[in-house]
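Here is the structure we will look at.
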Amino acid sequence: MHRFSAVLGGTLMVLAAVIFGGSGGTAAAAPAPAVTPAPTPPLTCPPVLPISGVASGATTDSVTISYYLFLSPPCGYNPPITVTLFAGADNARQWTDPVAEAVSGPERSGQVTIGDLAPDTQYWFRFTADGKRDPYVVGSARTTALACTATLTVSSAWTGGAVATVAVRNIGPDTLSTWRVSWRWSGDERITSLWNGVTTNGADGVTVANASWNGTLAPGATTTFGLLVDTSAPLGAITPTCTR
């Protein structure tokens, strides 16, 4: 009887060791449950256009576009931006056949002026920044019409010089109070005398403004100024540009 009790007790001790993880009777620790990371919520950008722009100025051969960067990446852009001009609305929408472009400074809002354009012509503009074409903004701008024309006629010429007369005509619907005529020389020409105007010689060109007594021109009216020119070659063809 004592022998049976000893065997039974030993058997129970072995079973307890197996069940509780060892002869010391300590239970095995349960594995920690796996933690599933919370999903990252999708980026939601504010319901605001990232960039806006308007035509804020124009001359006969340039347009100025004012721009405003409202949002930064990833919802918007960083400066600088590129303003691209197109000759037609369809070209602008499809980004085909650009005619001119200019790059802004580092400001998030500012102006970009694009020159060497045709007078009295409409253009359409788009924006590019951070290597991306903005898909939203398609704006338009128009250069101003010529207010006047200027025609230069050589009255007489000789070796080393010439005399020329420039006719200024108001072709606009409004009376002009001032006018300016500009052109570029083709060689080493230099004005030595001028009448009925005020001149400023540049490195390769000249601008003549009206005198105090002939700046006002009614629609269709014409005035003239004259100049004496020194030159080492015959006076070349000159096409002046007139602006108010």
Side-chain angles (χ1 to χ4, degrees), residues 54-66 83 85 87 99-102 111-125 139-158 160-244:
V54 295
S56 57
T59 67
T60 56
D61 63 353
S62 70
V63 294
T64 298
I65 309 300
S66 294
V83 182
L85 291 187
V99 298
E101 68 179 23
Q111 294 182 332
V112 176
T113 298
I114 304 177
D116 294 328
L117 305 177
D120 195 20
T121 302
Q122 189 166 8
Y123 297 90
W124 284 258
F125 61 86
S140 64
R142 190 179 192 92
T143 52
T144 58
L146 290 173
C148 51
T149 60
T151 305
L152 186 146
T153 303
V154 177
S155 305
S156 60
W158 58 92
V163 172
T165 300
V166 179
V168 180
R169 183 172 182 267
N170 180 359
I171 61 172
D174 303 318
T175 297
L176 296 180
S177 58
T178 61
W179 48 262
R180 298 168 65 87
V181 176
S182 302
W183 67 87
R184 291 185 180 276
W185 294 121
S186 59
D188 62 352
E189 296 91 337
R190 182 175 62 89
I191 295 176
T192 58
S193 181
L194 179 81
W195 50 97
N196 293 339
V198 179
T199 184
T200 302
N201 279 293
D204 60 351
V206 62
T207 296
V208 176
N210 59 273
S212 60
W213 60 87
N214 64 352
T216 300
L217 288 178
T222 300
T223 189
T224 62
F225 64 88
L227 54 151
L228 175 64
V229 181
D230 277 351
T231 175
S232 61
L235 199 63
I238 296 172
T239 304
T241 299
C242 184
T243 58
R244 67 173 67 221

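By convention here, the first residue in the shown sequence is residue 1. Note: hydrogens, waters and symmetry copies are ignored here, and every other heavy atom, side chains too, is used.
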*Step by step, work out the side-chain contact (heavy atoms from CB on, under 4.5 Å) result for T59 and T243.*
CA-CA 9 Å; T59 67; T243 58; over 6 Å; no
*Hey, are T60 and T143 close enough side-chain-wise for a donor-acceptor pair under 3.5 Å?*
no
Please examine the side chains of [Y] and [X], heavy atoms only from C-beta on, and report whether any two atoms are closer than 4.5 Å.
X    : Y    : value
F225 : V198 : no
C148 : L176 : yes
T223 : N196 : no
V168 : N210 : no
P219 : T175 : yes
W185 : I191 : yes
T231 : R190 : no
V166 : V208 : no

What distance separates [X] [atom1] from [Y] [atom2], expressed to the nearest 0.5 Å?
X    : Y    : atom1 : atom2 : value
L217 : T178 : CG    : OG1   : 9.5 Å
S62  : I114 : OG    : CD1   : 9.5 Å
N214 : T222 : CG    : OG1   : 12.0 Å
T216 : W179 : OG1   : CH2   : 11.5 Å
T192 : L227 : OG1   : CG    : 8.5 Å
R142 : T121 : CZ    : OG1   : 6.5 Å

*Kindly write out the residues that satisfy ring-ring contact (aromatic ring centres under 6.0 Å, His included) with Y123, not counting sequence neighbours, or none if the list is empty.*
none
*Can you list the residues that meet the salt bridge (Lys or Arg N to Asp or Glu O under 4.0 Å) rule with D174, with sequence neighbours excluded?*
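Scan of D174 (salt bridge (Lys or Arg N to Asp or Glu O under 4.0 Å), adjacent residues dropped) gives none.
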_Whether N170 side chain and A218 backbone form a donor-acceptor pair below 3.5 Å_ = yes
_CA sep, side-chain torsions, deciding dist, call: W183, T239, side-chain contact (heavy atoms from CB on, under 4.5 Å)_ = CA-CA 6 Å; W183 67 87; T239 304; over 6 Å; no
Atom of [X], atom of [Y] and distance for their closest heavy-atom approach:
X    : Y    : result
A164 : L152 : CB-CD2, 4.0 Å
S186 : E189 : OG-OE2, 3.1 Å
S140 : A55  : O-CB, 3.6 Å

*Neighbour count >12 (heavy atoms, 6.0 Å) for atom CG, D188*: yes
*side-chain contact (heavy atoms from CB on, under 4.5 Å) assessment of W195 paired with T224*: CA-CA 9 Å; W195 50 97; T224 62; over 6 Å; no
